[in-house]
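One structure is given here, and the rest of the page talks about it.
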Amino acid sequence: MANLGSLASLPAIVVVVEVAIFSSFAAAQLRPDYYASVCPNLEGIVRYSVKQSMVKSPISAPTTLRLFFHDCAVMGCDASVMIISPTGDDEWRNHDDYSLKPEGFQTILDAKAAVDSDPQCRYKVSCADIIALAARESVSQSGGPNYTVELGRYDGKISTRNSVMLPHVDDNLDSLNAFFYTLGLSQIDMIALSVLTKAVQGVDPSMHSMAKLAAVVVVQVAVISPFAAAQLRADYYAGVCPSLEAIVRSSVKQSMVKSPISAPATLRLFFHDCAATGCDASVMIISSTGDDENANDYTLKLEGFQTILDAKAAVDSDPQCRYKVSCADIIALATRESVSQSGGPNYTVELGRYDRRKSMDRSVRLPHPGDNLDNLNAFFSTLGLSQTDMIALSGGHTLGAADCGFFKYRIGGKDQSMNPSFDAQLQGTCAKQNFAFLDDVTPIGFDNFYYRNLQNGRGLLGSDQVLYTDERSRGTVDFYAANQGTFFSDFAVAMTKLGRVRVKTAADGEIRRDCRYPN
């Protein structure tokens, strides 16, 4: 039998996958007969193992379901919740989640041991698929339906406690809906899922409801929705607002004349918008209660918001275009213009997004300025972006500045990866003002000097410099530092992929008349 004691005795954002958590490619590989030729007795083995676990403990079933929900809801159905980190930095040790019980872990460890005891199956079945099967067996052996489980998942390689952001026990309906919305789940789905929490806390819910929960989680909901992505195209507004791109181009040009930080502020706004709940302009919403995405993000500057509001006003001043173009699409276009008019690539922007109707502070989870490579990769993987995409997008830091509070912990000889002369320079800068340029060579020009700075130990943020200090990403940094054209090309590809994240449609969005307020 596998030993749970080791799980408790050993002192991550998750899963560095090459595609979206629930990408159309990944969904296509899932099928019930995935292991038919390599482990034909898989389901029978797991069924019997779970039965034994349920005999040993009456809470085996609900705790296994809870484990499945936690695993899928954090960074994807990848068994990262099972990982033990030698530093104690893993999902299941997050202090906000005491709902994970030893019985759930033991059920999976026992099932895994049983599967690997079959010579045909040994080391051929992922832990993620065993969790999914064990969750189904927990449902069916408790009186629920014996539904089909799609198989073919791979296991994540990383787990960190910072990746865990789950519903709170005192959340109101808006907060619950906001969280489950990020998983592609509706309010009805959320209500069904809520039964799980009561099961783990000791209430005896209907196992039919628990089965519905499992079925909901099993559904492969795309982060980059195939339907939403299909609606995006460069000529989306050709028939209703033919001058759209020229109008936005002119407006952004005027904004950049007014303020040198218009471009980086707009670029930051686009990343924040897409990374939080999808490219839906929710970052623009002003909530009467102050509970909106930009409430606690001091990296968002007024100049970025004003650039979008001015562009929206310019678009709506054209009678052909008035109230026909979403704020989300205006942000995407204004960002491209901010990049290209600063000397960067003039890439094609896909259009057709709708605006989200809500904005909530709790929906915001962004990379930290001190993140290491594993944390950065894990975060960007949740957006369907690879390490190469992440490094290319980080090149956006060739524009703009950061407050001293974001990097002060590195200066004064505290970070050996920082060039000593740069360290001294930053100490002097922060003594006189509260910010420093991310790229002090060409701070308002979009180029590849950001990467050259990293080569010389002159990365401002820890999360910047780690791209060079970590050997796993250094090669890409070196390549971009020597090949600006390739950087521009990869940046354009990554921005296009970012622009497809959780795009809203007419079914779950609107075209706002005022970007600051839902209609």
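Source: prediction; values computed, not measured.
- In this structure, CD1 on Ile308 lies 9.0 Å from SG on Cys327, to the nearest 0.5 angstrom.
- The two atoms that bring Arg153 and Ala128 nearest to each other are CB-CB, 3.8 Å, heavy atoms only.
- Side chains of Asp464 and His397: a donor-acceptor N/O pair is present below 3.5 angstrom, by distance only.
- Minimum heavy-atom separation, Cys274 to Leu383: O-CD2, 4.4 Å.
- Taken from OG1 in Thr307 to CG in Leu302, the straight-line distance is 10.5 Å, to the nearest 0.5 Å.
- Among all heavy-atom pairs drawn from Gly413 and Asp423, the shortest one is N-OD2, 2.8 Å.
- For the atom pair CG (Asp439) and OG1 (Thr398), the distance works out to 4.0 Å, reported to the nearest 0.5 Å.
- Tyr480 contributes atom OH, which lies 11.5 Å from atom OH of Tyr450 (distance to the nearest 0.5 angstrom).
- Considering only residues two or more places apart in sequence or on other chains, Lys258 meets the salt bridge (Lys or Arg N to Asp or Glu O under 4.0 Å) condition with Asp310.
- Contact check for Arg353 versus Val503: side-chain heavy atoms found under the 4.5 Å cut-off.
- Applying the disulfide bond (SG atoms under 2.5 Å apart) test to residues at least two apart or on different chains, the pairs with a partner in residues 421-499 are Cys404-Cys430.
- For the pair Ser255 (side chain) and Ser251 (backbone), a donor-acceptor distance under 3.5 Å is present.
- Within a 6.0 Å radius of CZ in Phe479, no more than 12 heavy atoms belonging to other residues, nucleotides or ligands are found.
- Remark: the backbone N or O of Ser386 is paired with a side-chain donor or acceptor of Asp389 at under 3.5 angstrom.
- Counting only distance, with no hydrogens or angles, the side chain of Asn372 and the backbone of Val466 share no donor-acceptor pair below 3.5 Å.
- Nearest heavy-atom pair across Val315 and Val325 is CG1-CG2, 3.9 Å.
- At a threshold of 4.5 Å between non-hydrogen side-chain atoms, the residues Arg410 and Ser417 count as touching.
- Between Phe379 and Phe271, the ring planes lie tilted relative to each other; the angle falls in the 30° to 60° range.
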Candidate pair Lys312 and Asp316, rule salt bridge (Lys or Arg N to Asp or Glu O under 4.0 Å), full reasoning: CA-CA 6 Å; Lys312 171 69 169 169; Asp316 286 343; 3.2 Å; yes
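- No donor-acceptor pair under 3.5 Å is formed between the side chain of Asp355 and the backbone N or O of Ser326.
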TODO: Go through the steps to decide whether Leu467 and Arg474 satisfy the test side-chain contact (heavy atoms from CB on, under 4.5 Å), and finish with yes or no.
DONE: CA-CA 6 Å; Leu467 300 181; Arg474 183 181 301 166; over 6 Å; no
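- Distance check: Leu376 CG to Ser473 OG gives 8.5 Å after rounding to the nearest 0.5 Å.
- Asp403 contributes no side-chain N or O that, together with a main-chain N or O of Gly405, makes up a donor-acceptor pair within less than 3.5 Å.
- Looking only at side-chain heavy atoms (C-beta outward), Ile285 and Tyr517 stay at 4.5 Å or farther from each other.
- Without hydrogens or angle criteria, Ser342 side chain to Gly344 main chain gives no donor-acceptor distance under 3.5 Å.
- Looking at heavy atoms from C-beta onward, Gln465 lies out of side-chain contact with Phe407 at the 4.5 angstrom threshold.
- A tilted orientation is assigned to the rings of Phe488 and Phe446, their planes being inclined by 30° to 60°.
- Taking the side chain as every heavy atom from C-beta outward, Met418 and Leu426 approach each other to under 4.5 Å.
- Within a 6.0 Å radius of NZ in Lys408, no more than 12 heavy atoms belonging to other residues, nucleotides or ligands are found.
- For the residue pair Asp329 / Tyr237, a side-chain donor-acceptor distance below 3.5 Å is found, with atom types taken as modelled.
- Across Gly370 and Tyr409, no two heavy atoms sit closer than the pair CA-OH, 3.3 Å.
- Judged purely by distance below 3.5 Å, without hydrogens or angles, the side chains of Arg458 and Gln425 pair a donor atom with an acceptor atom.
- Side chain of Gln387 to main chain of Arg472: a donor-acceptor pair is present (N/O by atom type, distance under 3.5 Å, no hydrogens or angles).
- Checked by atom type and distance alone, the side chain of Ser243 never pairs as donor or acceptor with a backbone atom of Ala246 at under 3.5 Å.
- For Arg452, there are no salt bridge (Lys or Arg N to Asp or Glu O under 4.0 Å) partners, not counting sequence neighbours.
- At most 12 non-hydrogen atoms from other residues, nucleotides or ligands lie less than 6.0 angstrom from CZ of Arg513.
- Applying the salt bridge (charged side-chain N to carboxylate O under 4.0 Å, His left out) test between Glu350 and each of Arg336, Arg500, Arg233 identifies Arg500 as the sole match.
- No more than 12 heavy atoms of other residues, nucleotides or ligands shown are found within 6.0 angstrom of CD on Glu471.
- Taking 4.5 Å as the limit, some side-chain heavy atom of Gln341 sits within range of a side-chain heavy atom of Lys253.
- For the 3.5 Å distance criterion, the side chains of Asp478 and Gln455 qualify, holding a donor opposite an acceptor.
- Side chains of Phe422 and Asn456 form no contact here, defined as non-hydrogen atoms less than 4.5 Å apart.
- There is no side-chain donor-acceptor pair under 3.5 Å between Ser463 and Asp371.
- In this structure, Leu461 and Phe406 have side chains that are in contact, with non-hydrogen atoms separated by less than 4.5 Å.
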Please walk me through it: do Arg249 and Ser340 pass side-chain contact (heavy atoms from CB on, under 4.5 Å)?
CA-CA 10 Å; Arg249 182 172 299 115; Ser340 63; over 6 Å; no
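- Thr277 and Ser282 share a side-chain donor-acceptor pair at under 3.5 Å.
- With Arg512 contributing its side chain and Arg356 its backbone, the two residues share a donor-acceptor pair below 3.5 Å.
- Of all heavy-atom pairs between Glu303 and Ala265, the closest is C-CB, 4.2 Å.
- Distance check: Tyr323 OH to Ile511 CD1 gives 12.5 Å after rounding to the nearest 0.5 Å.
- The aromatic rings of Tyr451 and Phe487 lie perpendicular to each other, with more than 60° between the two planes, well past the 30° mark.
- Asp273 contributes no side-chain N or O that, together with a main-chain N or O of Leu269, makes up a donor-acceptor pair within less than 3.5 Å.
- Around CG of Leu309, the count of heavy atoms belonging to other residues, nucleotides or ligands within 6.0 Å exceeds 12.
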> Please walk me through it: do Leu333 and Glu337 pass side-chain contact (heavy atoms from CB on, under 4.5 Å)?
Replying inline: CA-CA 6 Å; Leu333 284 170; Glu337 291 304 319; 5.6 Å; no
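- The pair Asp280-Arg502 does not count as a salt bridge, with every side-chain nitrogen at least 4.0 angstrom from each carboxylate oxygen.
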Thr335/Met495 under side-chain contact (heavy atoms from CB on, under 4.5 Å): CA gap, chis, key distance, verdict = CA-CA 10 Å; Thr335 300; Met495 287 291 281; 3.5 Å; yes
